[in-house]
Structure formats: structure tokens, C-alpha cells
Novice: 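Could you have a look at this structure, given as C-alpha cells, before my questions?
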2 protein chains.
Amino acid sequence: MAAERLVVVGGDATGMAAASHARRLKRPGELAITAFERGHFASYSACGIPYWVGGAVDGPDALIARTAKEHRARDIDLRLRTEVTELDLDGGRVRTRDLENGGKESWTGFDKLVLATGARPIRPPLPGIDAPGVHGVQTLDDGQALLDTLAATEGRNAVVIGAGYIGVEMAEALINRGYRVTVLEAREQPMSTLDPDMGALVHEAMCGLGIETVRGAAVTEVLTDASGRARAVTTKDAAYPADVVVLGMGVRPETTLAAAAGLPLGESGGLLTDLAMRVRGQENVWAGGDCVEVLDLVSGRERHIALGTHANKHGQVIGANVGGGYATFPGVVGTAVSKVCDLEIARTGLLERHARAAGLRFVTVTIESTSRAGYYPGARPMHVKMLAERRTGRLLGVQIVGREGAGKRVDIAAVALTAGMTVEQMTALDLGYAPPFSPVWDPVLVAARKATAAVRAAEG
Amino acid sequence: MAAERLVVVGGDATGMAAASHARRLKRPGELAITAFERGHFASYSACGIPYWVGGAVDGPDALIARTAKEHRARDIDLRLRTEVTELDLDGGRVRTRDLENGGKESWTGFDKLVLATGARPIRPPLPGIDAPGVHGVQTLDDGQALLDTLAATEGRNAVVIGAGYIGVEMAEALINRGYRVTVLEAREQPMSTLDPDMGALVHEAMCGLGIETVRGAAVTEVLTDASGRARAVTTKDAAYPADVVVLGMGVRPETTLAAAAGLPLGESGGLLTDLAMRVRGQENVWAGGDCVEVLDLVSGRERHIALGTHANKHGQVIGANVGGGYATFPGVVGTAVSKVCDLEIARTGLLERHARAAGLRFVTVTIESTSRAGYYPGARPMHVKMLAERRTGRLLGVQIVGREGAGKRVDIAAVALTAGMTVEQMTALDLGYAPPFSPVWDPVLVAARKATAAVRAAEG
């Protein structure tokens, strides 16, 4: 019997994790695996790019989890610089173009298909936005292109458009390389993944770090010089000189191929799958990573969340199912953690606007505490915001802004959300305590106590 | 109507938290509060003593959460240096002795009584164990006495008997003060709060830190000089010179008064309470903190766990109930975290021997990962051991030994234990990920994946 043919479109976290896991379950004689990747690299940590650009990490090799050669040694036919240009689902084949050899096109047949096409940086349709010198940072190729620009540029002015995770991480990277950095954020506060009151703490800290952060600054145009290169970024109020421009407005699912093939997409444009990561309505097509929507277990809605950790889990689940095993991805609670210099920024669950959109009524509390016992050296301030449902007291979300030791505390709330705990139940959590690690009441417990009181008061 | 009379025995975390919380709920005209404390200090962080002795923290003032004066300003009649010597439950009164003024004795009546008598260091009945120069470190007075000994001693040899939490923390403190430190541990490995395989990692690290750690070293005697002062500690194999000796063998509940009054004690000698922290069989007597046993939610058994974080929660619960409110302490999962120099040591749930004693069958796995993405600067190794119940796959316990960022990760498991999660459910947890905070699979998730496989294999 001929081997089944698995084709993987996209050779980063989800695609190669799926291929590797399927290979562990099925020998080459049972399953032939071909993976297409249009870039020069596969199986890398895209999340590491800001640290490579900033010089904290050598790249790109350090960011590659498994080389193409290693994949091939494990009987995965990985083809770099090969772009899939069409999905023929009825015909069971994909059309590819070889990006190295004059664009030669060919068809490859499949019995099972994995779509792991990732995401692309949001690039608003503004004059000059496609000019040389304007960079997204989504792939290792993007990272290399940005580094090439920095190396070729003498000026020291950088503008980052958007103050989300990638925006603040890239601001730190460029500060570390000696740039004067201006971050232009269209909204009221940076980090719109936080509520504005918590985003304001990030804004304050960014200013303290020497990052000029302009709020309410919707970009109108990228100005170019005679050679067509980006030189400045304008808002309706001002122009900001820019030797390099970085896009930090977030990403959209890259589902052009899937859309053309008529596969089901959600509101964000991400593919819709079942819990086994099979594309809805398809028997032999799976999808995962930055190109899909995931179920938010707190709001009960599908959302697009581009994160390497989900992408890896998806790959694992897809590989198990494609390889004849069984696994599911039950959903997310919306956890994310980031840092800008020594400021740690974390959230899980719902923001106020998410909770309202989900039809929930809730109370919010914020507290300030410290990362260690107040008397212990290195104790740093830590702000925690907590949302709890009215009546039931169910935890809905937590946001944390602080210094060392603040970020990963969000995991406490992530597990509590997954378990459907109430804030009152959380007040009794047996969390690790010793003076170098926490005040005697962990800041998350302090917030839970205050939220418990707020839930009661709201019913009083 | 005359005010109800609340008497609190013991003025540290539980006692003063109970008094303070009750005061918030009841005015002085409704509730008169008297608290007796035999030491010179109240409301302090006993957990901070090793860091005070080591010089990292100024003391004792920095360790005092609320001064006696502040308590008195809030209408709590706190009497320091006053020892309660007898409980007359039928008569509704306690006998006290004034330790300052010639030992004057008197009786104080109560309507409600809170026992917060704490714990005392284990002091095995060996020759010389009570000699000057041998120190327990349980109270601020103990800490001051030890510092006085250090100041009066020219030698630089310190022996710590016992390598539990207090033992390793005191070893670090004495290393920081320039002592040659020998830790004598009767068991096979240090940190018997971990399984021996994880304790071995601690042993290795302690040796690397220059702390001589002798395993299987049961102390036989403390040798004294002509003046009666401790000068060496002997085991059956050797004698270790000692200018100071610190007891780090753990603590026992201090329930002498309670036992004399016929109150119910558990196997460890700790008081037994209901979920509202009321002493079993008593209507008007509450107890909490280091003098009680708590319900271990994983094994279903009562255990003695002396920890400031529980003591504070108990005080809060007692204060609410004494003050006419309602609160409970549902129990613990056995979380503890400590460090010796930069080595972080954490555990939650059951050790192998606890799980066996509880009648559970289980699988164990251990993994090695890193605290951050492997390529990110400062990533340090991290060992995680996980126990899961056979058949059900329910998480039973986690132990972590690593460097910066390792310890508080145990909270993930603490919440999962509280929620009764299986290790397979844990594999899908949405934990915070970014390269400075975690590998793309958090070490706890890596352990959960391996444990999931082990549970399946055990049934195969």
C-alpha cells in the first residue's frame, strides 16, 4: 500500500510541530510528509526577533529550534523558498512556485493537508507605507531585512507605529541599539491589550525609559525622499523624522489561500476549526497557529490571538490527529505577557470592553502591592487589576503591570480562569510564600480579596 | 450592654490579624479586645528573620508589620511581655504572668478566645542542646538573641542542625555574614520537604555555594567548653567545631496550654479546628497559625504546616467570624517556596511518601527545562518533578528546583491542585509566554505532557 501523503503549508511553529509529531507516530512508509515554506527559514521563534534586533540574542541561528537539515534527516521533505499559490481541495493538490529558480510552478498531491500560513503585520493603506525603510517583523526574513536597513542607515531616529506587544518590544530593541525612538499610538493609551487605566502605567514607564510615546497619534502618511525611501512619519498634528519605521500595529491571519479555496473564516479573517484543529466542514484539512481563530473560554467567542505558544500546541494536536492519535485544543483564556526594558506587562481573561461585549456584568478592582515582601531587597511595585462577574463572583480577567517578578504571576489567574474559580475561592489559594518571592499576601490574593468585597458590595 | 470581651493569646500574625479584622467589624463599645504576647514584639514577619540575620534586611523594625502603638491606637489592648500561663475554659478566663514586673500573675476574663500560640523549634533531647550558643529562630526575640551571640563571638564556624527550609535559609544567612557553615542533615538528602531525588539537586547546589552539607549525619551531642558554651557538634562519625549552632530541624505546634486545658490535638500535636477555625467542640474558642493542623486537600488528611501565609489567612478568617461575619479556611495543598542563595526550591501537593501514605497509586516524571527561552539571556536550568494519580491522571504534586524564575512557577500547580485538574488538562493551560519569561512550552507544561504520557503508559 502506498504511503499516505501529508502536505504542510507553512514551515514555522505549527507546521513543523505537526509534521514532527505526525512523523513520530507514522513511519515514512506509512506517511510521506512534504512541507512548503516560502521563507529562508523554518521552525524558528518569531517571538525572539525583537531580541535579535536589539542585540540581546544572536541570530538568526539561535532562534531556529530545528534546522531544515534536521527535519530532512527525520524524513520530512521540507522545501524552503517554495510558496504555495493555490489550494485545489477537490483535486487534492496544491500548486507551488519555486521562489529561487525562476518561479517554476508545479502541483503536489495530498491526502491530508495542514494549513499553517501564519499572520502578516497590519499595514494600513497610507501613502508611503510600502516604501523601503518601513518594516514589519513577523518572520526571520523580516528580521534580517530590518537589520540590513539598520546597518545601511546612518541616522538614529526610529519611529514605531503602534504600541502593542510588538511595538513596545521593538521600541526596547531600538533603544538598545542606540536609536531615539518615537512610538505613535492611535489610541488613548499604549498596550490596547490592557484597559486604558493599566495602559497609562505602561505609558508612564515608557516615558521614564526615554521612549517618546505619543498617544492619540493616528498616522497619516510615511514621507519618502527622492530615492523613495522612508524619511518621516506624519500624524495630523506633527511629522516625526524616521531613518527606520517599524510596524507594531499587530497582525492579521494570513488566509488568502484559504479564502480563495472557500474555507470558512471568522470575523477576524482567521480559519475556523473544530476542537481537533480540523477546518470546519473538512475531513482532511487541519489548520493552526496564527492563521486560525481560537475559542476564548471566558467569553465563549472565537478570537484571533497570534502567539507562539498556541501555535506550538496546535501543531502538537494536529500532528497527533494526522498521525492517527487523538488530541484536542480546548481553547484559551487570553493570557499574554511582555516586557519593555524592566517593565513587565501581563494580562489574562477579559478586558472591560471584552466583558461588556460578551454581555457580562462585572466589578473591577485595582491594587498596588510589591513583588516581594516589602522589606526584602529588590521588592518592586506591582499593580494588579481584577474583573469579576457580578452575582457569581466568577473571575473574568486580570491585568498586571510591574517590574521583575510581576509578569508570570498572571499564570495564577490563567489557571483559575480555566478552572472557573470565583474570586472568593481565589482568596484561599495556597500560593508559594517566602519573603524573597512574595509578600505574605501575594498581590493576586490581595486583588482577589478586594474583588470579593466588591462583588458583595455590588449586591448589597 | 457591656462590650463582649475577646482575648487573644499570642501577638504575631494570626493573633493580631484576628484582632485587627474583628476590630474593623466591631467598635470598642461592642467588642473589647485584649491580646497577650510574651515576647518584646508583635505583628512581625518571622519568615524574615533569616534575612535579618544575614544582613539583607534591617531589623527588627523593618520586620514589624504594625507596631504595638498602632494596635493600641486602634483600640486593641496589646500587652507585650505578658505570658498566658493557663486557660480556664469553664471559668472563661486566662491566667497571665507579667514577665517584666517580677512575674505578677492575674486573671483576665473572656467571652471569646483566640489561640495563636505559634510553634517552637524542634530541640532533640541531646546533651548540650540547651547550652548558650545554640539558637532556634522562631521569634524576633530569637533572632535578636542569635545576633547578640554572633556579635559576641570571634570564631567563624557555624553549624546548622537540619537542612529544611529554616536550615538552608540560615545557612545562607551565615554564609553571607562570613561564616564557614556546616549543615548536618540526619536524612539521606537535604530538604526532606522534597523527594530525595530532588533533594539531591539541592545538596549539589549547596556544595557549590560553599556550604558543607553532611547527609545521614544524626547529631549525638553538643559539646560545651568550661563556661558551658556550645563549642562543637558531634555525630557518631565526627565532631564539627561550632562558634554558633542553629536549629533548623523544623518546628512543632506550641500547644502546651491547649493540651492542659483538654482541647483536641491532632497527630502532630496541633490544635484541631473546623473550617471556620473554631476549635473542635468549642463554641467560643478559635485557633489558627502555627499552633493548628490544617486540612491537606490533596491527601484528605490533617497536617501541621507552619507558614506565615496560612497564619495570616487564619487570622483573617477568625477575625471575620469573631466579629460577627463569616469566613472559612478550606485547607491547603502544601505549597512552599524557599531559596538558598540563587537556588530556588519549591513544592506543592504530595511527595511520593505522602502519596503512598494516603493510599494513592501514582506515576512520577521529572524533566529539565529552562526558566526563559533557551536562547534568551539569563535562561537558567529548571528541574520539575510531577506526580499524577494512576487511572484518573489527577495532579498530585509538583516539585521544582532551579534558579531565578523557578520558585513561583509552583503556583501554577498549586491552583491546578486546588481545582482538581488532571495532568492532561494542564497540558492545555494558557500560561504567559514570551522569550524573557518562558520557553514556548513552559517547564510545567513540559512536565504535564510527560506525566500525561506516563499515566497512559501505566494503563497500557
Side-chain angles (χ1 to χ4, degrees), chain A residues 13 45 47-48 51 56-58 62-63 165 169 307-313 328-339 344 346 348 373 375-377 405 407-412 414-421 425 427-438 440-442 449, chain B residues 13 45 47-48 51 56-58 62-63 165 169 307-313 316 328-339 344 346 348 373 375-377 405 407-412 414-421 425 427-438 440-442:
Chain A
S45 170
C47 330
Y51 311 103
V57 171
D58 285 338
L63 299 181
Y165 289 112
E169 288 170 2
L307 260 184
T309 184
H310 300 332
N312 273 279
K313 288 194 184 95
T328 61
F329 182 82
V332 303
V333 293
T335 312
V337 56
S338 186
K339 78 176 190 72
E344 300 189 0
T348 189
Y375 57 77
Y376 193 86
K408 278 292 269 180
R409 268 193 170 79
V410 81
D411 287 347
I412 298 164
V415 185
L417 278 169
T418 305
M421 283 188 185
Q425 286 173 322
T427 63
L429 283 174
D430 184 3
L431 304 179
Y433 163 65
F437 296 95
S438 171
V440 73
W441 291 95
D442 190 280
R449 283 170 64 183
Chain B
S45 170
C47 329
Y51 311 103
V57 171
D58 286 338
L63 299 182
Y165 289 112
E169 288 170 2
L307 258 185
T309 184
H310 301 331
N312 273 279
K313 289 194 185 94
Q316 186 85 13
T328 63
F329 182 81
V332 305
V333 294
T335 311
V337 57
S338 186
K339 77 177 191 72
E344 301 189 359
T348 189
Y375 57 78
Y376 193 87
K408 278 291 269 180
R409 269 193 170 78
V410 82
D411 287 347
I412 298 164
V415 185
L417 279 169
T418 305
M421 282 188 187
Q425 287 172 321
T427 63
L429 284 174
D430 184 3
L431 303 180
Y433 163 64
F437 296 94
S438 172
V440 72
W441 290 95
D442 189 280

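Since the structure is predicted, the reported quantities are computational estimates derived from the model, not experimental observations. Within every chain, numbering begins at 1; the chains are lettered A, B, ... in the order of the sequence lines, protein sequences first and strands thereafter.
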Novice: Once you round to the nearest 0.5 Å, how far does OG1 of T335(A) lie from CG of L431(B)?
Specialist: 7.0 Å
Novice: In terms of heavy-atom proximity below 4.5 Å to chain B, should A416(A) be classed as side chain, backbone, both, or neither?
Specialist: both
Novice: Test of understanding: with salt bridge (charged side-chain N to carboxylate O under 4.0 Å, His left out), list the residues that count as partners of D442(A), not counting sequence neighbours.
Specialist: R409(A), K408(B)
Novice: Could you have a look at T427(B), L307(B), L63(B), V410(B) and say which one has the most heavy-atom pairs with chain A under 4.5 angstrom?
Specialist: L63(B)
Novice: Compare all side-chain heavy atoms of H310(A) with those of Y433(B) and state whether any distance is below 4.5 angstrom.
Specialist: no
Novice: Can you spot which of L429(B), D430(B), V415(B) makes a side-chain contact (heavy atoms from CB on, under 4.5 Å) with T418(A)?
Specialist: L429(B)
Novice: Would you mind telling me which of G405(A), A13(A), G48(A) has the largest number of heavy-atom pairs within less than 4.5 Å of chain B?
Specialist: G48(A)
Novice: With sequence neighbours left out, write down each residue that passes ring pair (Phe, Tyr, Trp, His ring centres under 6.0 Å) with F329(B), or none if nothing qualifies.
Specialist: H314(B)
Novice: Considering only heavy atoms from C-beta outward, does the side chain of V440(A) approach that of S45(B) to under 4.5 Å?
Specialist: no
Novice: Taking C-beta and beyond as the side chain, do N312(B) and W441(A) meet within less than 4.5 Å on heavy atoms?
Specialist: yes
Novice: Please identify, among P330(B), S338(B), S438(B), P436(B), the residue contributing the most non-hydrogen atom pairs under 4.5 Å to chain A.
Specialist: P436(B)
Novice: I'd like to know which of D411(B), V57(B), T348(B) tops the heavy-atom pair count under 4.5 Å against chain A.
Specialist: D411(B)
Novice: With a 4.5 angstrom heavy-atom cut-off, which part of A346(A) approaches chain B: side chain, backbone, both or neither?
Specialist: neither
Novice: For T328(A), is it the side chain, the backbone, both, or neither that has a heavy atom closer than 4.5 Å to a heavy atom of chain B?
Specialist: neither
Novice: Work out which heavy atom in A434(B) is nearest to a heavy atom in V337(A); give both atom names and the distance.
Specialist: CB-O, 3.3 Å
Novice: Taking every non-hydrogen pair under 4.5 Å, which of A311(A), A414(A), P435(A) racks up the most with chain B?
Specialist: P435(A)
Novice: Given heavy-atom pairs under 4.5 angstrom as the criterion, report whether the side chain, backbone, both or neither of Q316(B) touches chain A.
Specialist: side chain
Novice: Could you look at A62(B) and say if it's the side chain, the backbone, both or neither that has a heavy atom under 4.5 Å from chain A?
Specialist: both
Novice: Of the non-hydrogen atoms in C47(A) and Y375(B), which two are nearest, and what is the gap between them?
Specialist: C-OH, 4.2 Å
